[in-house]
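The block underneath contains the structure these notes are about, expressed in structure tokens.
Keep in mind that the numbers below use all heavy atoms, side chains included, and drop hydrogens, waters and symmetry copies.
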Amino acid sequence: MAGMLRKLIASGVAAKVISEAKKPQNQAKIKKMISDFQNKNKGGTGRTRGY
């Protein structure tokens, strides 16, 4: 019963995310977020050396 409820909630959340992602203003935000994430990760591993 709990597994079925969890799947039902997950599918509802996924449907909401997809419907919000279709809006033009949210598409611009998503593209900017992906671009920022890619630019942040271009600088190497992101680890600092502890000397």
Side-chain angles (χ1 to χ4, degrees):
M1 183 68 180
M4 189 171 82
L5 183 61
R6 187 177 301 138
K7 287 180 184 178
L8 182 64
I9 292 171
S11 65
V13 169
K16 178 68 174 170
V17 167
I18 290 170
S19 70
E20 287 296 314
K22 289 182 180 178
K23 295 180 181 177
Q25 66 271 24
N26 291 339
Q27 288 179 355
K29 289 179 186 177
I30 291 168
K31 286 180 184 177
K32 184 181 181 323
M33 187 172 56
I34 290 171
S35 174
D36 290 346
F37 181 76
Q38 288 174 340
N39 289 335
K40 184 178 88 169
N41 287 337
K42 279 185 182 177
T45 61
R47 295 182 181 178
T48 58
R49 295 183 181 176
Y51 291 118

Original post:
When hydrophobic residues are tied together by side-chain contacts of less than 4.5 Å, even through go-betweens, does V17 share a cluster with M33?
Top reply: no
**OP:** Write down the atom of K22, the atom of Q27, and the distance for their closest heavy-atom approach.
**Re:** O-NE2, 3.4 Å
Original post:
Does a salt bridge link D36 with K40, judged by any charged N lying under 4.0 Å from a carboxylate O?
Top reply: no
Original post:
About how many Å separate CD1 of I9 and CE of M4, when rounded to the nearest 0.5 Å?
Top reply: 11.0 Å
